[in-house]
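Everything on this sheet refers to the single structure shown next.
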Amino acid sequence: METLTGLILIFISAALINNFVLHYFVGICPFLGVSRRVDTAFGMGCAVTFVISISTMLNWMFTSFILRPGAPLPAWVWRTAGGNPQTQLDLSVLSYIIYIFVIASSVQFVEMYVRKFSPPLYKSFGVFLPLITTNCAILFASLEVLKHMQDPANLWSLPQALTLALGGGIGFTLAISLMAGIREELDLCDVPRPLRGAGIALIVAGIMAMAFMGFTGVEKGVETALTSLLR
Amino acid sequence: MDKEGPTALERFINGVLPENPIYRQLLGMCPTLAVTNAMKPAVTMAAATAFVLICSNIMVSLIRRLLKPHLRILVFTLTIATFVTIADRFLAAYVYDMSKQLGPYVPLIIVNCLIISRAEICASKQGLAVATADGIGMSLGFGLGLASIATVRELLGSGTWFGIHVLPAGWPNWGIMALPPGAFVTLGLLLAVVEWGTRRRAATGIWRTVRMLWSWRHSPASSSSS
Amino acid sequence: MSLALVALALAASVLAILAVAMGYVLGWANRKFHVAVDPHVELLQAALPGANCGGCGYIGCSEYAAALAEGNTTVGLCAPGGGSCAQKLADILGVEVQESCPYRAVVHCSAHTHQRLQRAGYEGERTCVSANLVAGVQGCTYGCLGLGDCARACQYAAARIVDGLSTIDYDRCVGCGACSRTCPRNIITLVPFKAERMMVVACSNQDTAADVRAVCEVGCIGCKACVRVAPELISMDGALPAINYDHYNPEEAEALESVLEKCPRKRYLFVGKPTPEDLAAVEHEELPEAVTADFKTTVDDTEWRG
């Protein structure tokens, strides 16, 4: 039951309290670029959620077995090579390279798969998939997972990593859809010329960020409620 | 292939103001908003980005004839990832506190749209000198953009600049400036100021003169008349 | 063995294995998930003008190319491309081109500002769509407002406002229909141009006699004189005549001329490209020079060297 509470807390934290776009500033480029209409924005959000889940899962596997300090594979290689058991072989310097490689390859693979097996799905969000490779949000999720895999005594499991990824993706979808709705209304307003386009979008994002700041501290209340509920 | 396209000097000047990465191209927004709550992290991030941009431009320009079209984005990304790893380890070794403060935003330089776009637009098509000048120009422009936003946020948010108190002690620190909403609103308003400024006649006049000189250099008839 | 050496070897081998594995997986996926794309689509797309005007009824040139490749549509729908484009498309697909005539936009109003009754001054947003919602902008509630929505919608600079009236430049009109869709009063229609100059009804006012004369100096009063002269060509749609362009034959010059003469308000006009007589009439006039900024001459060849 503690794990379920933990998972729900991770999800709420990633989606609302520490929203990827409005708190951590990742994924701003598509947030400003693709948020003009609600249907395209929602499609982009779904694509991001999909890719972020898959790539975080793959990256968790690589981190868990190869990249974290004290990982099994380097330890085994060091032992076999007859190395000093006091020192540790640490391959974490390869993290960024492997993460981005895995992300780019998985996006490519997903695009090919979706194009072949689900043309309607491809029509709705396939065009965003190449853009997502350079989306900060995907890499950021993997980096957050890496952050929680540094202490060998307290490692994150696969469900936790996946929940973070899903929460982040859904939070991104929420933020971008809200922004698209607001921008559709802004099209009909008399915006001063210097502010048109990115200027007013950023100011609106600032106000949205202020609104989402209202979620700070919610995790304490949720934790208490969940523990008493699930007891 | 090197004779076509802008020269090194043009690329350099281009990167600083006319095609400033933050204010005119709107690329690299993620670190811009995240690290500009004070000048020190902003300058560190600008230096790290400059290192990565210049090195990756040089590297891509050196291997540009070997690139296959459908694999080139992957090659750019891996090159940039290598240089970012170097920069990240360097920062962690020599300025550990700052590295901790910058956190995940240094590795996020890998997916900074600015660097990939410069590799795609300039380094993969032009020679070493031009690519280097482009990298230096864009880095300067990026640094200028970061510094401008960080100045506003730090001054209003805590009355300091580079940690030195410049505003009188009675200044009520605008806490919001250090938080995400302050970042968004500051960038939005500064963007509006730059848009407004570049549309005024003085700026248009200066820009027209620059373009006139530019076109003089490239038009075939200019050599006979001037 | 030293740590550094083992680390280097392990790192290199991990990266190499990863690269090779991913290469194999992606290569396999590329073959297994291959989507057969009709090669015709690319050729068709290249043959189309690429203006994405929507005149063919599809959302963009790529949509039209896709529909053509599937055999769902005819080749003659591209108005900006015209006959040559239709022929190219037909050659690529290996079909015949059916003869069709080009459609061009026609404005069914010919009253300039001084010929209309103006009412209270309009201080609102200077678009026809907004002015159309407000009562009392001008006397005639059917005709052209002259605020330029059609001019702004036209991508080919064919529609212009001249003296408060929308005018089409037939050298530039490609028949995409953008102006026709934009006009809030629906007075612009697409007419098949069977000849260089076509006769059209240049009024949209559906009131009769005194009501029309009160609001416009040149509007159609609904006297039906034209219908009596050419009943098979013209029919009355309420109080407004309509030409049936299926029966319109440009060769029957006398029938058309008689309609022109019979109309007491002279509301039948020939519109289209200028005739040789029109061009001869203005030959002696000088065309105004278009002023463009030419930076080389602003300082260089003048006497003033400041």
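Proteins get letters first, then strands, A, B, ... in listed order; numbering begins at 1 in each.
- A side-chain donor from one of Ser157(A) and Gln160(A) sits under 3.5 Å from a side-chain acceptor of the other.
- When each of Pro104(B), Ala81(B), Gly28(B), Cys30(B) is scored by its heavy-atom pairs under 4.5 Å with chain A, the top score falls to Cys30(B).
- Heavy-atom distances place the side chain of Ile100(A), and not its backbone, under 4.5 Å from chain B.
- At a 4.5 Å heavy-atom cutoff, Phe212(A) makes no contact with chain B through either its backbone or its side chain.
- Neither the backbone nor the side chain of Met208(A) comes within contact range of chain B; no heavy atom of the residue lies under 4.5 Å from a heavy atom of that chain.
- Nearest heavy atoms, Arg153(B) versus Leu33(B): NH1-O, 3.0 Å.
- Nearest heavy atom pair, residue Glu195(B) against residue Arg24(B), reads OE2-NH2, 4.1 Å.
- Both the backbone and the side chain of Ile97(A) have a heavy atom closer than 4.5 Å to some heavy atom of chain B.
- By the 4.5 Å heavy-atom criterion applied to side chains, Phe25(A) and Pro180(B) are counted as neighbours.
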Quiz prompt | Derivation of the ring pair (Phe, Tyr, Trp, His ring centres under 6.0 Å) call for Phe31(A) and Phe172(A) | solution = CA-CA 8 Å; Phe31(A) 182 68; Phe172(A) 178 84; 7.2 Å; no
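- Contact of Leu32(A) with chain B is made through the side chain alone, with heavy-atom distances under 4.5 Å.
- For Leu190(B), no part lies near chain A; criterion is any non-hydrogen pair under 4.5 Å.
- With a threshold of 4.5 angstrom between heavy atoms, Leu187(B) approaches chain A through its backbone and through its side chain.
- Taking the ring centroids of Tyr99(A) and Tyr96(A), they lie at or beyond the 6.0 Å cut-off.
- In this structure the side chain of Ile103(A) never reaches within 4.5 angstrom of the side chain of Asn135(A), judged on heavy atoms.
- Your options are Asp88(B), Asn112(B), Leu179(B), Val193(B), and the one with the most heavy-atom pairs under 4.5 Å with chain A is Asp88(B).
- Counting heavy-atom pairs closer than 4.5 Å to chain A, the top-ranked of the candidates Pro181(B), Pro31(B), Ala34(B), Ala192(B) is Pro181(B).
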